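These numbers come from a predicted model, not from an experiment.
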Amino acid sequence: MITANARAVFSSDGPFKPTTIERRDLDAHDVLIEIKYAGICHSDIHTARAEWGQVQYPLVPGHEIAGIVTQIGSQVTKYAVGDRVGVGCMVDSCGECVSCQKGEEQYCLNGMTGTYGEIDKYGQYTQGGYSTHIVVTEDFVVRIPDNIPLDKAAPLLCAGITTYSPLRHWGAAPGKKVAVVGMGGLGHMAVKLAHAMGAQVTVLSQTLKKKEDGMRLGADEYYATANPETFTKLASSFDLIINTVSAKIDMDSYLSLLAVDGTLVNVGAPPEALPIQIFSLIPSRRSFAGSMIGGIRETQEMLDFCAEYDVLPEIEVISANQIDEAWERVLASDVRYRFVIDISTMGNE
Ligand code: NAP
Ligand code: ZN
C-alpha cells in the first residue's frame, strides 16, 4: 500500500480536513502518479454535498489531475517514469461493451468507474485528486503535451474535455453560431475552444461583469441573461447552445434562441429536473441533448488540440488550506475561471 496525504470532507456540510489515504500496490498495468495540481470542478461540490445522491465519507474529491509518473507496473507499455500525465473523471470501465469498444468509456454500459466516490474492480472506494498520489491503470491515463504547464493542464481533464466533446460532436466550425451559457470553469473553456474551432461565439452570462474577459477569451458577442431583451434580440439565432449552468434555469427561454435544427446541449448538471414545453422544440425541429465528459482517446485529442492552438484555462492557483474558501467562491459565481490546488502545499500539518 502507498500512503498519500489528502484533503477530505467527512460529511455533506463538512469543511476539508487533512487526512491520509491508502493507494493500492501497483498491478501489472498500473502507474503511480505524483500529483502536482488538481482542479476544482463544480461537480466536486455537487458530489461532496450529496446533491446528486448519497456518498460515502470521508470523500477526497478531484478529477482534474496533472502530475508525474513515479513508478510503473511490470507490464506497462504506454508510460515511463518521469512522464507528464493527466487523469480525468474516470479510472476504469468494462472495456468490452459497445461504448468501450468505440472509445467512449464514459458511456460504458456496465458503468465506468469514477475517479472518486465509487467502488472499483478491486472492491475499493475510489478517492480523487485532492491528494499527493494516485494509482491508475495506464489505459485511463493521458499524456500532457510538453508545452502545456501542469497547473494549466489540470482543468483540461474535465472542463476542457466536457466542452470539447459536444462542440466536436455537434460540429462547431466556421459558419456555425455557438452560444455558451454561464462563464465559469466549463463555460470559459467552451468559449476558447469554440473560438479555436472557428465558430462565431456568443456568451450568455447572468450579468455583463465578465464581458471584457469573455471578449478577450474569444467571444464575438456577450449578453446578460438578466436583461429580458437578450431573449427577444437573439431569438432563433444559434446552431448550437452549450449550457454549462450548475443551477436550474428556465430552459424554454434558452431553447427559443435556437435556429431551426439547432441543438441545446446541457453539460451543466443541476440536481433538479429541467422541465421543458415540447412546443419549444416541435415548431423548429430543435433538439435538447446532454453530454458527459469524453472518452480517453478524445481526451488525448483535446489535449493535443489545446497544445497546438494554445487553448489553456485561466486559473487561480491556491494552497490546500484554501479549498473551502474556493468552493464558496465557485458557488457565488466568483471563479476566474478555475481554481487549481498546488498539491505541494499538502503537507499534512
Ligand atoms: P462553475 O465554474 O460554477 O460555472 C457555472 C456557471 O454557471 C457560473 O459561473 C455562472 O455563470 C452560471 N450560474 C451559476 N448559477 C447560476 C444561476 N442560478 N443562474 C444562472 N446562471 C448560473 O461550474 P463548472 O465547474 O463550470 O460546472 C458547471 C456545471 O457542469 C456543474 O453543474 C457541473 O457539475 C457540471 N459538469 C458536468 C460535466 C459533464 O460531463 N456533463 C462535467 C463537468 C461538470 P455566469 O456568472 O456567467 O452567469
Ligand atoms: Zn468535473
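A continuous path of Ile, Leu, Val, Met, Phe, Trp and Tyr side chains, each step under 4.5 Å between heavy atoms, connects Met302 with Tyr107, placing both in one hydrophobic cluster. Neither Val135 nor Val87 shares a network with the other; the hydrophobic side chains, linked directly or stepwise wherever heavy atoms of I, L, V, M, F, W or Y lie under 4.5 Å apart, form separate groups for each. Taking hydrophobic clusters as Ile, Leu, Val, Met, Phe, Trp and Tyr residues chained together by side-chain heavy-atom distances below 4.5 Å, Leu208 shares a cluster with Met215.
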Practice task
Using the side-chain hydrogen bond (donor to acceptor under 3.5 Å, both in side chains) rule, take Glu138 and His29 through it: C-alpha gap first, then chi angles, then the decisive distance, then the call.
Solution key: CA-CA 6 Å; Glu138 61 177 328; His29 285 284; 2.9 Å; yes
task: For Ile2 and Leu26, run side-chain contact (heavy atoms from CB on, under 4.5 Å): C-alpha distance rounded to whole Å, both residues' side-chain angles, the deciding distance at 0.1 Å, then the answer.
output: CA-CA 9 Å; Ile2 299 145; Leu26 270 64; 3.9 Å; yes
* Asked: Given Asp239 and Val178, is the side-chain contact (heavy atoms from CB on, under 4.5 Å) satisfied, shown in steps?
  -> CA-CA 6 Å; Asp239 301 300; Val178 175; over 6 Å; no
**side-chain hydrogen bond (donor to acceptor under 3.5 Å, both in side chains) between Tyr337 and Glu316, intermediate numbers included** = CA-CA 7 Å; Tyr337 283 88; Glu316 187 173 333; over 6 Å; no
message = I'd like to know whether Arg338 forms a salt bridge (Lys or Arg N to Asp or Glu O under 4.0 Å) with Glu64, so could you lay out the CA-CA distance, the side-chain angles of the two residues, the decisive distance to 0.1 Å, and finally the verdict.
response = CA-CA 11 Å; Arg338 201 60 149 179; Glu64 294 186 335; 2.8 Å; yes
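Within the structure, ring-ring contact (aromatic ring centres under 6.0 Å, His included) pairs that include any residue of residues 165-187 do not occur (at least two apart or interchain). Pairs passing the salt bridge (charged side-chain N to carboxylate O under 4.0 Å, His left out) check and including a residue from residues 67-85, sequence neighbours excluded, read Lys78-Asp139, Asp83-Arg143. Applying the salt bridge (charged side-chain N to carboxylate O under 4.0 Å, His left out) test to every pair with at least one member in residues 249-274, sequence neighbours left out, gives these pairs: Asp261-Arg285.
Note on Lys36 versus Asp342: no salt bridge recorded, every NZ/NE/NH1/NH2 to OD/OE distance being 4.0 Å or above. Salt bridge annotation for Glu298-Arg168: absent, with no cationic side-chain nitrogen under 4.0 angstrom from a carboxylate oxygen. Using a 4.0 Å cut-off between charged side-chain N and carboxylate O, Asp213 and Arg216 make a salt bridge. Using a 4.0 Å cut-off between charged nitrogen and carboxylate oxygen, Glu314 and Lys192 count as a salt-bridge pair.
In this structure, the side chains of Thr47 and Tyr116 come closer than 4.5 Å at one or more pairs of heavy atoms. Side-chain atoms of Glu34 and Thr132, non-hydrogen and from C-beta on, never get closer than 4.5 Å to each other. Using a 4.5 Å heavy-atom threshold, the side chains of Val340 and Ile40 count as separate. Counting heavy atoms from C-beta outward, Ser246 and Pro270 have side chains that stay 4.5 Å or more apart. Contact of the Ile341 side chain with the Ile323 side chain is registered, since non-hydrogen atoms from C-beta on lie closer than 4.5 Å. Inter-residue side-chain proximity for Gln127 and Leu59 is flagged as met; some heavy-atom pair is nearer than 4.5 Å.
More than 12 heavy-atom neighbours from other residues, nucleotides or ligands sit within 6.0 angstrom of NE2 on His133.
With side-chain heavy atoms closer than 4.5 Å counting as contact, directly or through intermediates, the hydrophobic cluster containing Val245 also holds Val181, Leu204, Tyr223, Phe231, Leu234, Phe238, Ile241, Ile249, Met251, Tyr254, Leu255, Leu257, Leu258, Leu264, Leu274, Ile276, Ile278, Phe279, Leu281, Ile282, Phe288. In the hydrophobic clustering, Phe10 connects to no other residue, as no ILVMFWY side-chain heavy atoms lie under 4.5 Å from its own. Clustering of Ile, Leu, Val, Met, Phe, Trp and Tyr side chains at separations under 4.5 Å leaves Val260 isolated, with no partner residue. Clustering of Ile, Leu, Val, Met, Phe, Trp and Tyr by side-chain heavy atoms under 4.5 Å joins Leu109 with Val98.
Inspection of the Glu212 and Tyr222 side chains reveals no N or O donor paired with an N or O acceptor under 3.5 Å. A donor-acceptor pair shorter than 3.5 Å cannot be found between the side chains of Tyr125 and Asp120.
Distance alone, capped at 3.5 Å, places no donor-acceptor pair between the Ser165 side chain and the Ile161 backbone. Remark: side-chain polar atoms of His63 are not paired, donor with acceptor, to backbone N or O of Cys89 under 3.5 angstrom.
Applying the side-chain hydrogen bond (donor to acceptor under 3.5 Å, both in side chains) test to Thr230 and every residue at least two apart in sequence or in another chain returns nothing. For Asp25, the side-chain hydrogen bond (donor to acceptor under 3.5 Å, both in side chains) criterion is met by no residue, not counting sequence neighbours. Remark: Glu22 engages Thr3 in a side-chain hydrogen bond (donor to acceptor under 3.5 Å, both in side chains) (not counting sequence neighbours). Take Glu328 and apply the side-chain hydrogen bond (donor to acceptor under 3.5 Å, both in side chains) test, not counting sequence neighbours, and it matches Arg49.
When Val136, Val85, Ile134, Leu157 are each tested for a side-chain contact (heavy atoms from CB on, under 4.5 Å) with Ile65, only one passes: Ile134.
Here Trp327 and Phe16 bring their ring centres to under 6.0 angstrom of each other.
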Acceptor/donor pairs from residues 304-312 side chains to any protein atom, 3.5 angstrom cut, sequence neighbours excluded:
unit_1: Asp304; atom_1: OD1; unit_2: Gln300; atom_2: NE2; d: 3.3

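For the pair Val267 and Pro166, the tightest heavy-atom approach, listed with the atom from each and the gap, is CG1-CG, 4.2 Å.
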